Amino acid sequence: MNVRRSAAVLAAVAVIGAAAPATAAPSPSPSQAFPSALYGDKDPKFDGVWRQSLALLAQDTVGVKPAAKSVEWLVRQQCADGGFASYRPDPATACDAKTMLDTNATSAAVQALAALGGHDGVTAKAVDWLKSVQNEDGGWGYSAGGASDTNSTSVVIGALTAVGEKPDQVEKGGKSPYDALLKLALPCGGEGNGAFAFQPDKKGKLTANADATAAGVLGVLGEGMVVKPGGKKSGTACAEPRTPEQAAANGAAYLTSALGEDDDHLMSALAGAEPQPDYGNTADAVVALAARGDTGQAEKSLRWLEENAAAWAARNGPAAYAQLIFAAHATGTDPRDFGGADLVKQLNATGPAPQAAAKSDTDKKDAKDEGSDSVFGVWWYVGVCLVAGIGIGFLFTGRRKQQP
């Protein structure tokens, strides 16, 4: 979620045990060849399963049937014990002790495959693995045994919900995922009023993190990446986060305030760099607010994304397009007319042609060849050119961000 944080960032955290900003994955050299079934054309080392899962889930969300080989590629990434690594170049080679399994990739794959249907055996094994690496506090870290963090715990909750599990009943040491998230929620008053932290720092201090807050709100609501707009709710005063519902209200209020401070979007603040608009986390915040029913700010921030996120999505590829599709879906906005752009077309152009869209694509190409000069046609052409020329460098966004 960038759901939540960038896969590359989280991979780095798993290795060095500390939050650190990541750089974009390098573009492939002419000698590199990545699987034709994979969405995106940049090095998938840190985010292959993540971005594939988001792409397939987004396609399913808008009624597009993904290419069979793309779904099969994702299925074959699973290890025998049920977990998924960020990327396995050769799925025919068995996973071993050196294979770094990833709770975020595993949970994203579960959400995608559960939505597509027909993969109950795969998702059941994956959920069993997730349960086997649950921490004593009820949460999950990026890798097995890692300290629980808000983003990882929340994306696992989304996976549990996707397969019909009740997160509050998935316990370890008598603690559920909700218990873990409540421990990461900041109290009312002072800086970070009601937000979620990513993790405690070395001294146990919690620091507000907008990306973690977006993830945390979804988590305590028991939601995954794809949500339906909730019923409109009025603002709720910040109160001690003793229940998931109150923690969600507190987190939503924090996001609303943070978004309002910068013209309806969030800003990134990496150490040593000038603050920049954070498109991925803004999209995540839209989903979180819409899920709770805070539709006013969600819709305003969605409008900002429509006006400003095109170049960012083109640079970052399939996961970025998926995030925008999730945000549009959560607010009842048509992703095929997103500020004049067709996000579905642009996402589809980053990988194999989907099954259900093959005929439609041909028909629209014929119409364009006959001289159609519609806005739709122009945006489709621009989207394809951007993807082909720039490629994808998903950094989530990702899935993602920790304290700068």
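Residue numbers count from 1 along this sequence. Computed from a predicted structure; not experimentally measured.
- Rounding to the nearest 0.5 Å gives a distance of 11.0 Å between CG of Leu302 and CG of Asp264.
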Original post:
Given Lys166 and Leu160, is the side chain to side chain contact (heavy atoms under 4.5 Å, CB included) satisfied, shown in steps?
Top reply: CA-CA 7 Å; Lys166 295 182 179 180; Leu160 296 173; over 6 Å; no
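- A donor-acceptor distance shorter than 3.5 angstrom exists from the side chain of Ser70 to the backbone of Ala37, with no hydrogens or angles considered.
- One side chain, Arg303 or Thr333, offers a donor N or O that lies under 3.5 Å from an acceptor on the other.
- Side-chain contact check for Asn193 versus Leu186: every heavy-atom pair is 4.5 Å or farther apart.
- Closest approach of Tyr87 to Pro35, counting heavy atoms only: OH-CD, 3.5 Å.
- Contact annotation: the side chain of Cys188 approaches that of Asn250 to within less than 4.5 Å [non-hydrogen atoms, C-beta and beyond].
- One finds the CZ atom of Phe196 at 9.5 Å from the CG atom of Leu255 (value rounded to the nearest 0.5 Å).
- One distance of note links CD of Glu223 with NZ of Lys228; it measures 10.0 Å at 0.5 Å rounding.
- Side-chain contact of Asp168 with Ser176: a donor-acceptor pair under 3.5 Å is absent, judged by distance alone.
- Annotation for Gly194 and Cys238: closest pair CA-SG, 4.1 Å, computed over non-hydrogen atoms.
- For the atom pair Leu347 CG and Gln59 CD, the distance stands at 5.0 Å (nearest 0.5 Å).
- Under the 3.5 Å distance criterion, the side-chain polar atoms of Ser152 are left unmatched by any main-chain donor or acceptor of Asp149.
- The backbone N or O of Gly224 lies less than 3.5 Å from no partner atom in the side chain of Gln111, so there is not a single donor-acceptor pair.
- A donor and an acceptor atom, one from each side chain of Asp102 and Ser86, are located under 3.5 Å apart.
- Looking at Thr282, Asp263, Thr331, Leu289 one by one, the single match for side-chain contact (heavy atoms from CB on, under 4.5 Å) with Ser301 turns out to be Thr282.
- Here the closest heavy-atom approach between residue Arg76 and residue Arg88 is recorded as O-NH1, 3.3 Å.
- Between the Thr106 side chain and the Gly83 main chain, no donor and acceptor come within less than 3.5 Å of each other.
- Side-chain contact between Pro352 and Tyr39: present, with at least one pair of heavy atoms (C-beta onward) separated by less than 4.5 Å.
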**OP:** Under the side chain to side chain contact (heavy atoms under 4.5 Å, CB included) rule, what do Phe34 and Asp41 come out as? Steps first, then yes or no, please.
**Re:** CA-CA 7 Å; Phe34 300 128; Asp41 61 2; over 6 Å; no
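- Listed for the Ser154 side chain is a donor-acceptor partner under 3.5 Å among the backbone atoms of Ala215.
- Side-chain N or O atoms of Thr103 include one that pairs as donor or acceptor with a backbone N or O of Tyr142 at under 3.5 Å.
- Taking OH of Tyr178 as the start and CD of Glu171 as the end, the distance is 12.0 Å to the nearest 0.5 Å.
- For the pair Leu305/Phe338, a side-chain contact is recorded, criterion being any heavy-atom separation below 4.5 Å from C-beta on.
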**OP:** List the steps, then state whether side chain to side chain contact (heavy atoms under 4.5 Å, CB included) holds for Ile157 with Leu181.
**Re:** CA-CA 11 Å; Ile157 287 175; Leu181 290 179; 3.6 Å; yes
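- Defined by atom type and a distance below 3.5 Å, a donor-acceptor pair is missing between the side-chain atoms of Thr350 and Gln346.
- Here CD of Gln276 is found 14.5 Å from CH2 of Trp312. Values are rounded to the nearest 0.5 Å.
- A salt bridge is absent between Lys69 and Glu72; no separation between the charged side-chain nitrogens and carboxylate oxygens falls under 4.0 Å.
- Salt bridge status for Asp201 with Lys203: absent, with no side-chain N to carboxylate O gap under 4.0 Å.
- Pro167 has its side chain within reach of Thr161: a pair of non-hydrogen atoms, C-beta onward, lies under 4.5 Å apart.
- A donor-acceptor contact shorter than 3.5 Å links the side chain of Thr123 to the backbone of His119.
- Here the closest heavy-atom approach between residue Leu266 and residue Ala210 is recorded as CD1-CB, 3.9 Å.
- Side chain of Gln134 to backbone of Gly138: a donor-acceptor contact under 3.5 angstrom is found.
- Under the 4.5 Å side-chain criterion, counting only non-hydrogen atoms from C-beta, Leu182 is not in contact with Arg242.
- Taking the ring centroids of Trp304 and Tyr279, they lie under the 6.0 Å cut-off.
- Nearest approach of Gly174 to Asp179, heavy atoms of both residues: O-OD2, 4.2 Å.
- Taking 4.5 Å as the limit, some side-chain heavy atom of Leu56 sits within range of a side-chain heavy atom of Gln52.
- More than 12 non-hydrogen atoms from other residues, nucleotides or ligands lie less than 6.0 angstrom from NZ of Lys125.
- Of the possible polar contacts, one joining the Thr256 side chain to the Ala252 backbone as a donor-acceptor pair under 3.5 Å is found.
- Residues Val71 and Leu116 are in side-chain contact: their nearest non-hydrogen atoms beyond the backbone lie under 4.5 Å apart.
- Arg51 pairs with exactly one of Val49, Asp47, Leu54 by the side-chain contact (heavy atoms from CB on, under 4.5 Å) rule, that one being Asp47.
- For Gln323 (side chain) and Ala283 (main-chain N/O), no donor-acceptor pair under 3.5 Å exists by modelled atom type.
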Subject >> Residue pair His265, Asp278: steps toward the side chain to side chain contact (heavy atoms under 4.5 Å, CB included) verdict >> reply: CA-CA 7 Å; His265 65 278; Asp278 195 328; over 6 Å; no
